Amino acid sequence: MHLITSVISTLALSCVATASNPADIFRRVESLKAAHQEKRAAAAEAVPAKQTKRQGGYGGSRWLTNATQKFAVNGTGIPDVPFDIGESYAGLLPISGASNETRELYFWFFPSTNPDAGEEITIWLNGGPGCSSLSGLLTENGPFTWEAGTLSPVQNPYTWVNLTNMIWIEQPVGVGFSQGTPNITNEVELGEQFTGFFKQFTETFATQEYDIYVTGESYAGYYVPYIADAFITLQDSDMPLAGIAINDPIIGDGTNQQMVVQVPYVDYWQKLLYLNESFIERIHARQDECGYTDYLETYLTYPPPQTPFPTLAEPSRKNNYSCDQFDSIYEAILEVNPCFVCIEHLPHHRNLPAPLVRPRRSQHASPPFPIHPSPSIPNLQSSGDYIPTGFTVFFNRTDVQAAINAPVGTNWAQCNNGVFLGSGDQSLGPAQNGVLQRVIEYTNNTIIGSGNLDMLLNTNGTLLAIQNMTWNGLQGLQSYPDTPFYVPYHPEYNGGALSGAGIVGSWGYERGVTFYQVQLAGHELPGFAPGAGYRSLELLLGKISSLGEVGDFTTQMGNFTGYTDIYRRADGRAEMF
């Protein structure tokens, strides 16, 4: 017995002596992370981007004229932004040339830093309806971003200004800093007012005959196609439409896009959502009872039936909400995770960590938070938002408003209700009534993207809407869009604004439409996956041939095959797996 005990003790001591220390994994993670960052930083120094510096001052600028002088923004004078945001112009312009016009839209225009940007201008719109496009500027694709939970803004290496001339517009009337009383009831009227505004912009900034690209997300799935159709209808040679891009858009029937597809979403992400088994069983039973299971099996196919899909009953008006799968599932998710935000939708910020600037608690506080007499939350102010005591919404500060030529004293809110009269927008989805079809066939340059984490307008719902639409002679996509979507590996120029690379999702192209999905993106795709959003804009502008193209971003050079030995192939190209 003593001998056995002795042997066991010896073996135990031997194991202790030779086994790795459990704490080594933490050290190794830190070491690998540091090494990875060093490689990207070294690459950034060795191969600088074509355009990463924004030039201060407007000397010799083609954009600074007698007509535009009053809109010029001091790039070094934005409160709480400790760097030069570059040349930009902001302010209000009317929606018509009438001398008595009082309705005006607010815009913020950034000429591109890219010397290869041609005579083109890209418009970005957020949705709502009623939400400010400054949200996209400040958290997604603007030249500086101020992200949730951070203390200050950072320069954005993935700003779309690096590719093209960009304008963010608060519309329709009644949104953000825009002025006037809303008087529209549908998207056709919205499109007419928007093109009237853009005519004023074109004449003020002398952008006649510049190619126009209209982009946006969420409810801009309505805005963008209808506005594009308004440009087509107008047939003004000074404002030629060249293409559109919409991310996580509402484009079709609401029941199809938001109810029918929720159970497959839950099944796919169940290990993340962690809903209990009895609830899963009940929503599957309800899916069958409501006819949603059979509907998807019949119509979400490739190719789809070449006939219009039957319209399902709107669930809140049938069976006492029993077929309202979205609300049932979302409420269950919030019970498990009150901070669930993968459906992040602009009017409904809930429990999202706010970007804060806090005052120092004492002379010796650590870290030394920036001091401001009115500390600010940059981007949140909607119904239900949490705003800590003593904090001010960034765009609601009078010094910020003065700096960006906004009407000082405006009670700015990220989202406003009532931008459509009566019971709201009376328009059908643009995939339902031929509007999106006309835009596709006119431009043959339409991009539709989806973040697979998005619950609100999830990927299957968008695909179902597309499969119910006819364009260029056929209905729907004939093949599932499963070609790998490649984002170049790239040097990182800013540790405060990072983006993934490699195979990030999949895409397909048919008859003038590119559809793509990004696996690890939520509702605001260019914010969640800025490299993917940047790449899709390169495609829209015609700077790359497809989303599967393996190569560098067009605005910078780098080791696009990656930085890990196992990924990089001997011939210098990246494996696509």
Side-chain angles (χ1 to χ4, degrees), residues 67 93-101 103-105 107 109 117-125 133 164-173 178 180 183-216 219-246 249 251 420 425-448 469-473 511-514 537 539-542:
L93 280 171
I95 64 169
S96 77
S99 59
N100 62 344
E101 182 62 76
R103 296 162 297 174
E104 299 175 303
L105 301 184
F107 70 92
F109 170 59
E119 293 189 343
E120 64 196 22
I121 186 165
T122 300
I123 297 163
W124 172 265
L125 304 173
S133 298
T164 184
N165 301 308
M166 283 294 304
I167 182 170
W168 288 262
I169 302 170
E170 292 190 309
Q171 65 86 50
V173 171
S178 295
N183 66 340
I184 60 173
T185 61
N186 59 60
E187 294 288 332
V188 173
E189 294 169 345
L190 180 146
E192 291 171 351
Q193 291 190 357
F194 187 94
T195 53
F197 158 84
F198 208 77
K199 182 69 172 178
Q200 307 307 307
F201 177 86
T202 297
E203 292 175 351
T204 301
F205 285 85
T207 59
Q208 290 88 347
E209 300 184 11
Y210 273 44
D211 286 337
I212 296 170
Y213 300 90
V214 191
T215 69
Y219 202 81
Y222 268 55
Y223 292 161
V224 170
Y226 274 99
I227 287 171
D229 195 44
F231 278 118
I232 294 170
T233 301
L234 197 60
Q235 287 295 301
D236 186 335
S237 60
D238 283 346
M239 300 188 296
L241 178 70
I244 70 167
I246 43 180
I251 55 175
F420 291 93
D425 191 354
Q426 300 301 302
S427 304
L428 282 173
Q432 296 178 276
N433 61 1
V435 169
L436 184 53
Q437 175 187 349
R438 284 194 295 275
V439 174
I440 293 169
E441 293 175 346
Y442 183 87
T443 64
N444 282 300
N445 188 21
T446 292
I447 300 176
I448 303 174
M469 179 177 66
T470 297
W471 74 94
N472 282 329
R511 311 187 314 279
V513 174
T514 297
L537 182 63
L539 179 67
L540 181 69
L541 299 173

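Given the structure is predicted, the values throughout are model-derived calculations rather than measurements. One is the number of the first residue; the rest follow in order along the sequence.
Sorted by first and then second residue, the salt bridge (Lys or Arg N to Asp or Glu O under 4.0 Å) pairs involving residues 223-244 (not counting sequence neighbours) are Lys199-Asp236, Lys199-Asp238, Asp229-Arg438. Listed by first then second residue, pairs satisfying side chain to side chain donor-acceptor pair (under 3.5 Å) with a partner in residues 201-213 read Arg62-Tyr210, not counting sequence neighbours.
Taking every heavy atom of both residues into account, Ala220 and Leu125 meet most closely at CB-O, 3.5 Å. Residues Ile232 and Val439 come closest through the heavy atom pair CD1-CA, 3.9 Å. For the residue pair Pro172 and Ser178, the shortest heavy atom distance occurs at O-CB, 4.5 Å. The heavy-atom pair separating Ile227 from Thr195 by the smallest distance is O-CG2, 4.4 Å. Among all heavy-atom pairs drawn from Pro430 and Gly221, the shortest one is CG-O, 3.2 Å. Across all non-hydrogen atoms, the minimal contact from Ser133 to Ile169 is OG-O, 2.6 Å.
Listed by chain and residue number, Glu120, Thr122, Met166, Leu537, Leu541 satisfy the side chain to side chain contact (heavy atoms under 4.5 Å, CB included) test with Thr164 (two or more places apart in sequence, or in another chain). For Asp425, the side chain to side chain donor-acceptor pair (under 3.5 Å) partners two or more places apart in sequence, or in a different chain, are Tyr219, Ser427. With sequence neighbours left out, Phe194 forms a ring-ring contact (aromatic ring centres under 6.0 Å, His included) with no residue at all. In this view, Thr514 and Ile447, Trp507, Tyr509, Leu539, Leu547 satisfy the side chain to side chain contact (heavy atoms under 4.5 Å, CB included) rule, not counting sequence neighbours. With sequence neighbours left out, Phe197 forms a ring-ring contact (aromatic ring centres under 6.0 Å, His included) with no residue at all. Residues passing the side chain to side chain contact (heavy atoms under 4.5 Å, CB included) test with Thr470 are Gln475, sequence neighbours excluded. The side chain to side chain donor-acceptor pair (under 3.5 Å) check on Thr233 picks up nothing, with sequence neighbours excluded. Partners of Gln193 according to the side chain to side chain donor-acceptor pair (under 3.5 Å) rule, which considers only residues two or more places apart in sequence or in another chain, are Asn183. Taking the ring-ring contact (aromatic ring centres under 6.0 Å, His included) definition, one finds that Phe201 meets it with Phe107, Phe109, Phe198, Phe205, sequence neighbours left out. The side chain to side chain contact (heavy atoms under 4.5 Å, CB included) search around Asn472 returns Ile440, Glu441, Asn444, Arg511, not counting sequence neighbours.
For the pair Val224/Thr215, no side-chain contact is recorded, criterion being any heavy-atom separation below 4.5 Å from C-beta on. Residues Tyr226 and Leu190 fail the side-chain proximity criterion, which asks for heavy atoms closer than 4.5 Å.
Rounding to the nearest 0.5 angstrom, the gap separating the CD1 atom in Ile167 from the CD1 atom in Ile123 is 7.0 Å. Rounded to the nearest 0.5 Å, atoms CD1 (Ile184) and CD1 (Ile95) are 9.0 Å apart.
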Given side chain to side chain contact (heavy atoms under 4.5 Å, CB included), test Leu540 with Asn445 step by step and report yes or no. CA-CA 7 Å; Leu540 181 69; Asn445 188 21; 3.8 Å; yes
Ile212 vs Ile121, test: side chain to side chain contact (heavy atoms under 4.5 Å, CB included). Steps then yes/no. CA-CA 5 Å; Ile212 296 170; Ile121 186 165; 4.1 Å; yes
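A donor and an acceptor atom, one from each side chain of Glu101 and Ser96, are located under 3.5 Å apart.
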